Protein chains: 2
Amino acid sequence: MRRPTIADIAERVGVSKGAVSFALNGRPGVGEATRARILQVAKEMNWRPHSAARALGGARAEAVGLVIARPASTLGVEPFFAQLLSGLQAGLSARSVALHLLIVEDAEAEMEVYREWASAHRVDGFVMVDLKVRDPRIEVLEELGAPAVVLGGPGRHGSLSSVWADDREAMLSVLEYLAALGHRRIAHVAGLPAFRHTQRRIRALRDSARRLELVDAVSVPTDFSDAEGAAATRTLLSRPRRPTAIVYDSDVMALAGLGVAGEMGVRVPDEVSIVAFDDSVLTRIAHPSITALSRDTFAFGRQLAEVMLQVIDEPGLRRDVKTATPRLVVRESTAAPGAWQDD
Amino acid sequence: MRRPTIADIAERVGVSKGAVSFALNGRPGVGEATRARILQVAKEMNWRPHSAARALGGARAEAVGLVIARPASTLGVEPFFAQLLSGLQAGLSARSVALHLLIVEDAEAEMEVYREWASAHRVDGFVMVDLKVRDPRIEVLEELGAPAVVLGGPGRHGSLSSVWADDREAMLSVLEYLAALGHRRIAHVAGLPAFRHTQRRIRALRDSARRLELVDAVSVPTDFSDAEGAAATRTLLSRPRRPTAIVYDSDVMALAGLGVAGEMGVRVPDEVSIVAFDDSVLTRIAHPSITALSRDTFAFGRQLAEVMLQVIDEPGLRRDVKTATPRLVVRESTAAPGAWQDD
DNA sequence: TCCCGCAACTAGAACGCTTTAGTACCCAAG
DNA sequence: CTTGGGTACTAAAGCGTTCTAGTTGCGGGA
């Protein structure tokens, strides 16, 4: 048999569709007795709302959109991303809001999908990740007027809300720790330079070079892949005056770097110290275990969900949430540089 | 201004809504010249389809549902799951199909969501994971008549399609390898006994005990968490006649087990060999690296997507795809048992 | 010349729900 | 006894699209 509609219920109870709609949505305009009868019949007939029909009328979609312009494989490879996703889902599912996920080729396609989903009321809001320098997606989301939360910041995300961590401060804490150990030649294997947080880390290194008396403070950009992380490490360690410490923008790259050091016979931490942005099981079980900037990524994702839900509830709202700054967890991969390395 | 509808376009071009609909969907029933004009105007007015309205008419939702009854944290912790998810996404996004993802408390809630999404045309089909013994979800999906693909098998998934790996054969390959090395006391730290694939592995061990002359072949059930994996390992290694080899049902548990062995001063692989079902970066970088059953999980997810799309295209279809059996990758965690361990 | 068939197009119902405007009724105040 | 206002409801108009059942006009064969 066909799925029951409110018209069927109305007919059976002997009232109008309107009355049924009121009753089912707990709205005034229908007596208690009638309401009870309607609810009863609806249950008997096993009725369920048809979200598409509701959406046509402009109701909530009970879903949040996440469009990612990255190769799909990163989803599974980067612990950071996987953790973030699960935190996000955890936060959303507490309110039975689904995550509408799509991976696309590039930012162009991503914006097109924003337009489609927004104009079709397919989702109630968007979570935007991988904030770039002068990101055109911001404008699109603003123009669409859809609730949106940007992962990353602060600043430069227009009227959109955001959730961010202080990358600058985190980078400084690493540099100060390394400088205190006596390191003066510190290299930075950065992520994609187009990302705002990458820029912020690069700038933090450059800015503190003088204060910390670093004689060499270079940032090498990569695409965040383990391959480029390994290549950058190889280049750095092949220099006549190689760095005594390398800071990696992700745990995956740090691990790759550690592997390269092993291959090249450069001992860690005796000859080179290694620090990773982002902590995960990878840094913990590596051998030697890797000193890393640790944060609760799952909680980060949950905060993202929380802000998203708030912004959906109150469309005018603009929140700007700074999450806890990642703190350094010292493990076996860092030590004072050997004496022979001093200038 | 209001978002443009086909009625607006129709008015502007001076044709009926029907004609516009035909033109926009590349259907016959409208002349070339008119079609071109309609497309032109639609572009000018920046028109976009409204999926909710389409869904009302019974069109595709261009989304696949995935409902998971697990704690959200597993999503990020289990490399297998993360990889699978990205493979699935990769396969779907090639056809611009989104993944509608929701995490729920339990199987009851999961089935309720199936009903809701199906009756609301919210998704075109479902991917079901974590197939259990006598799984009630199968019936629900069959009854709903929604296209669905089950991860796991073979058999016992009724009329639904499935994608599966041969767990039995995989387990046998591990056991034969260990037996060939000389192991006779082999323990198995299993996953959730409610899962079909867990059962299959347990049975494989039991069945081959006699043939391989195992004097001790016990399976210890766990919930797949690293905590229970560690606990089970502790119990096993505390026995007066402890096993000389332990097979773990996941890489996460194997890693936990390796940690416990370290704590207890039991040397790996000299005193106990360790094998993991599921390969990932975890097993590769552990110290010692862990012998594991390896498969291309990303490809597995992509196959899942492929079958899903096929079943959506051809609702009557029932496919049963066996994926490549995981093959054993021998690393440092396995060796012949020490002589003193022989009976 | 007439009719047939086909392509091009129109009108409007249908999809399931929400919402608004309106109606019927009752009770209380004047 | 009338009026005013509140409650309980009904009828029907959307929401944006697709689909079905026409209608028109035109070219070609008898």
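All of these numbers come straight from a predicted model, not from anything done at the bench. Below, read A as the first sequence line, B as the second, and so on, with proteins coming before strands; counting in each chain starts at 1.
A side-chain donor-acceptor contact under 3.5 Å links A/Asp320 and A/Trp164. Side chains of A/Gln310 and A/Glu314: no donor on one and acceptor on the other come within 3.5 Å. Side-chain contact annotation: B/Thr323 with B/Gln303, donor-acceptor N/O pair under 3.5 Å absent.
Summarising the geometry, atom CG belonging to B/Leu56 is positioned 12.5 Å from atom CZ belonging to A/Arg54; distances are rounded to the nearest 0.5 Å. A distance of 6.0 Å separates OG of B/Ser96 from CG of A/Leu102, quoted to the nearest 0.5 Å.
The residue B/Pro49 sits close only to the backbone: its heavy atoms come under 4.0 Å of sugar-phosphate atoms, none of a base. Nucleic acid contact class of A/Arg48 (heavy atoms, under 4.0 Å, all strands): sugar-phosphate only. Among the protein residues, A/Gly31 comes within range of the sugar-phosphate backbone only, with heavy atoms under 4.0 Å from sugar or phosphate atoms but none that close to a base. Contact annotation for A/Val20: no contact, since no heavy-atom pair falls under 4.0 Å across all strands.
Atom CG of B/Asp8 is separated from atom C1' of D/dG14 by 14 Å (rounded to the nearest Å). Taking atom CD1 of residue B/Ile38 and atom P of nucleotide C/dC9, one finds them 8 Å apart after rounding to whole Å. In this structure, A/Glu32 atom CD and D/dC9 atom P are separated by 10 Å, rounded to whole Å. Rounding to whole angstrom units, NZ of residue A/Lys17 and C1' of D/dT10 are separated by 11 Å. As rounded to whole Å, 15 Å separates atom P of D/dA12 from atom CD1 of A/Ile6. In this structure, the NE2 atom of A/His121 is 12 Å from the P atom of D/dC15, given to the nearest Å. Here C/dC9 presents its P atom at 16 Å from CG of B/Asn25, a figure rounded to the nearest Å. Atom CZ of B/Arg60 and atom P of D/dT18 are 14 Å apart (whole Å).
The side chain of B/Thr34 places an N or O atom within less than 4.0 Å of a non-bridging phosphate oxygen (OP1 or OP2) of C/dC9. For D/dT18, neither phosphate oxygen OP1 nor OP2 lies less than 4.0 angstrom from any side-chain nitrogen or oxygen of B/Arg27. Note on B/Ser21: a side-chain N or O is less than 4.0 Å away from OP1 or OP2 of D/dT18. For the pair A/Ser16 and D/dT10, the criterion of a side-chain N or O lying under 4.0 Å from OP1 or OP2 is met. In this model, the phosphate group of C/dT18 is approached by a side-chain N or O of A/Arg54 to a distance below 4.0 Å at OP1 or OP2.
Across the interface with DNA chain D, nearest-nucleotide mapping of B/Ala19 and B/Gly57 shows B/Gly57 to be the residue nearer the 5′ end.
Looking at every heavy atom in both residues, A/Gln83 comes nearest to A/Ser86 through O-OG, 3.0 Å. Heavy atoms only, all atoms of each residue included: A/His100 and B/Ala98 are closest at NE2-CB, 3.5 Å.
Taken over five-pair windows at either terminus, the axes of the helix from C/dT1-D/dA30 to C/dG30-D/dC1 are inclined to one another by 70° (rounded to 10 degrees).
With a 6.0 Å radius and a threshold of 12 heavy atoms from other residues, nucleotides or ligands, A/Glu139 has its CD atom at or below the threshold.
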